[in-house]
Amino acid sequence: AGDPDDIELRLCRVHVKDRTAACRPPSPAMARYLAQIIVMGAQVVGRAFARALRQEFAASRAAAEARGRAGQQSAAASSISGLTLQEAQQILNISKLSPEEVQKNYEHLFKVNDKSVGGSFYLQSKVVRAKERLEEEMSIEQADKTQKEQSAQQPPET
């Protein structure tokens with residue numbers, strides 16, 4: 001009744017017939033049960049969160065191992081060129097990597113964006129960077145394919 005920030009928990013029993021209410025403070029046992037329920041709920045949520053985090057780390061590690069050396073090289077190429085593989089594919093409007101399609105779309109977009117025909121030098125430079133990034137990715141894939149073929153042909157060392 002003193003401080004407005006104080007919260008008082010009371011159990012009330014209302015009698016409908018005579019319209020009276022009898023209120024009493026909660027028992028210490030009830031407060032203990034309430035605290036136990038809160039602690040148990042927090043433990044369950046904490047365990048579920050920890051399990052989900054472990055699964056995410058394991059999946060991330062497995063994906064990194066699957067990408068292997070080629071994935072690391074591809075990430076390095078993205079940071080050097082300033083374009084991700086997806087951005088380069090979008091710029092040149094390419095869904096899968098093929099040298100012929102890259103060259104064909106590059107030539108078309110380069111000519112269309114030439115400054116002498118009213119194009120944009122900025123867009124033309126983006127087209128060039130996209131082509132360079134895609135060529136780098138294709139060379140990484142080729143080197144990785146060659147390495148896998150060589151390691152498959154070598155007999156296991158004993």
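Just so it is clear, the model here is predicted, and its values are computed rather than measured.
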Closest heavy-atom contact between [X] and [Y]?
X	Y	result
I91	L109	O-CD1, 3.3 Å
V128	F110	CG2-CE1, 3.6 Å
L83	E87	CA-OE1, 3.4 Å
Y106	L92	CA-CD2, 4.0 Å

Distance check, rounded to the nearest 0.5 Å: [X] atom [atom1] versus [Y] atom [atom2]?
X	Y	atom1	atom2	result
Q36	L34	CD	CG	10.0 Å
L134	M138	CG	CE	6.0 Å
I37	Y33	CD1	OH	10.0 Å
D114	F121	CG	CZ	10.5 Å
S120	K126	OG	NZ	11.0 Å
K104	N93	NZ	CG	9.5 Å

Could you check whether any side-chain heavy atom of K96 comes within less than 4.5 Å of a side-chain heavy atom of Q89, counting everything from C-beta outward?
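K96 vs Q89: side chains apart.
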
Please test S139 against E136 for side-chain contact (heavy atoms from CB on, under 4.5 Å), starting from the C-alpha separation and ending with a verdict.
CA-CA 5 Å; S139 70; E136 180 68 24; 4.1 Å; yes

Exactly one of E107, H108, E101 should register a side-chain contact (heavy atoms from CB on, under 4.5 Å) with N105. Which one does?
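The side-chain contact (heavy atoms from CB on, under 4.5 Å) with N105 is passed solely by E101 among E107, H108, E101.
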
Is it the case that one hydrophobic cluster holds both V127 and L97, taking links as side-chain heavy atoms less than 4.5 Å apart, direct or via other members?
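Per the 4.5 Å side-chain linkage, V127 and L97 are co-clustered.
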
With a 4.0 Å cut-off on N to O distance, would you call E137 and R133 a salt bridge?
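Salt bridge flag = yes for R133 with E137.
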
